[in-house]
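Scroll down for the structure; my scribbles are underneath it.
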Amino acid sequence: MKLYVLTKDLDIGYIAHLCTCDECSKRRDAELTINYLDGLFMSQTTIKDILSKNDVIAISNNLDELKEMKLTMQFSDGYLCRYLEAELLKND
């Protein structure tokens, strides 16, 4: 079963690898490798980082559910403001 993620940037990917090596076990914080749907690397993070930074806003084993959530969020005022702000900062 794949676990899909929706990031705060509205990218959809999946958890490609969950590291549970001795070091992760000692730290009590597994490292995750997240890939885009096409298999390309998206990010590497830890569970604690996901919770503290709010980088991932949804996790599901249902890809269609996340696609619908993304579509809904794309038209929200908050997302529009963040998008416009990012575009304005690109030009500086």
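Position 1 is the first residue of the sequence, and the numbers go up from there. Since the structure is predicted, the reported quantities are computational estimates derived from the model, not experimental observations.
- Under the side chain to side chain contact (heavy atoms under 4.5 Å, CB included) criterion, S60 pairs with N62, E65, L66, sequence neighbours left out.
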Can you give the donor-acceptor pairs under 3.5 Å from side chains of residues 10-19 to other protein atoms, not counting sequence neighbours?
none

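- At a threshold of 4.5 Å between non-hydrogen side-chain atoms, the residues L63 and L37 count as touching.
- Take N61 and apply the side-chain hydrogen bond (donor to acceptor under 3.5 Å, both in side chains) test, not counting sequence neighbours, and it matches no residue.
- Looking only at side-chain heavy atoms (C-beta outward), I57 and M69 stay at 4.5 Å or farther from each other.
- Partners of D22 by side chain to side chain contact (heavy atoms under 4.5 Å, CB included), not counting sequence neighbours: none found.
- With sequence neighbours excluded, the residues satisfying side chain to side chain contact (heavy atoms under 4.5 Å, CB included) with D29 are R27, T46, I47, K48.
- Residues V5 and I59 have side chains in contact (heavy-atom distance under 4.5 Å, counting atoms from C-beta outward).
- D49 meets the salt bridge (Lys or Arg N to Asp or Glu O under 4.0 Å) test with no other residue; sequence neighbours excluded.
- Listed by chain and number, the residues in a side-chain hydrogen bond (donor to acceptor under 3.5 Å, both in side chains) with T33 amount to none (sequence neighbours excluded).
- When all heavy atoms of K2 and Y4 are compared, the closest pair comes out as CD-OH, 3.6 Å.
- Judged as a side-chain hydrogen bond (donor to acceptor under 3.5 Å, both in side chains), and not counting sequence neighbours, E68 has no contacts.
- L51 is connected to I34 through a chain of hydrophobic side-chain contacts under 4.5 Å among Ile, Leu, Val, Met, Phe, Trp and Tyr, so both are in one cluster.
- Pairs of residues two or more places apart, or lying in two chains, never qualify as salt bridge (charged side-chain N to carboxylate O under 4.0 Å, His left out) while including a residue from residues 34-47.
- Following chains of ILVMFWY side-chain contacts shorter than 4.5 Å, one cannot reach L71 starting from V56, and the two form parts of different hydrophobic clusters.
- I50 contributes atom CD1, which lies 4.5 Å from atom CG of L32 (distance to the nearest 0.5 angstrom).
- N35 meets the side-chain hydrogen bond (donor to acceptor under 3.5 Å, both in side chains) test with no other residue; sequence neighbours excluded.
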